[in-house]
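Below: the structure, in structure tokens.
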Amino acid sequence: MSKQITVRLPDDLVDFMDELVATDKATSRASVVARAMERERRRELAARDLAVLSQHGGYPDLEGLAPAAAGTVLELD
């Protein structure tokens, strides 16, 4: 399910989105916005995880997680 919304963006951001679509790096303006929102959601979740880990101390069993994750390629779509 999806909802249609209306947003106002600066001209330079719309131009950038149009360039992504024109060069087949995105299928539509909506896909660019959705991708950006997914990234923001992941960033927010990571910040929450960091706050929990910081508040509750170290977790030695997770020490190898950051180096492993650093080598992970993220999908763009």
Side-chain angles (χ1 to χ4, degrees):
M1 186 172 174
S2 65
K3 292 183 181 181
Q4 184 171 337
I5 63 169
T6 302
V7 296
R8 285 194 182 277
L9 297 171
D11 290 344
D12 62 324
L13 288 180
V14 175
D15 292 343
F16 176 67
M17 288 193 301
D18 289 344
E19 182 180 322
L20 292 175
V21 173
T23 58
D24 293 325
K25 293 179 181 171
T27 56
S28 65
R29 287 175 172 174
S31 72
V32 175
V33 172
R35 232 168 46 192
M37 292 307 304
E38 283 296 331
R39 273 194 212 106
E40 182 60 19
R41 178 169 38 192
R42 286 193 306 270
R43 189 196 65 75
E44 192 65 31
L45 289 172
R48 283 189 226 159
D49 289 347
L50 178 60
V52 168
L53 290 173
S54 296
Q55 182 179 19
H56 296 288
Y59 291 86
D61 55 330
L62 297 179
E63 285 180 7
L65 183 60
T72 302
V73 177
L74 300 177
E75 293 183 26
L76 297 178
D77 290 327

What pairs of donor and acceptor atoms, side-chain ones from residues 14-24 against any protein atom, are under 3.5 angstrom apart with sequence neighbours left out?
unit_1 : atom_1 : unit_2 : atom_2 : d
D18    : OD1    : R29    : NE     : 2.7
D18    : OD1    : R29    : NH2    : 3.1
D18    : OD2    : R29    : NH2    : 2.9
T23    : OG1    : E19    : O      : 2.8
T23    : OG1    : L20    : O      : 3.4

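Take E40 and apply the side chain to side chain donor-acceptor pair (under 3.5 Å) test, not counting sequence neighbours, and it matches R43. Legend: residues meeting side-chain contact (heavy atoms from CB on, under 4.5 Å) with V52, ordered by chain and number and at least two apart, are H56. A search for side chain to side chain donor-acceptor pair (under 3.5 Å) contacts involving S28 returns nothing, not counting sequence neighbours. With sequence neighbours excluded, the residues satisfying side chain to side chain donor-acceptor pair (under 3.5 Å) with E38 are R41. Scanning for side-chain contact (heavy atoms from CB on, under 4.5 Å) contacts around R48 gives E44, L45, with sequence neighbours left out.
Surrounding CG of D11 are at most 12 heavy atoms belonging to other residues, nucleotides or ligands under 6.0 Å away.
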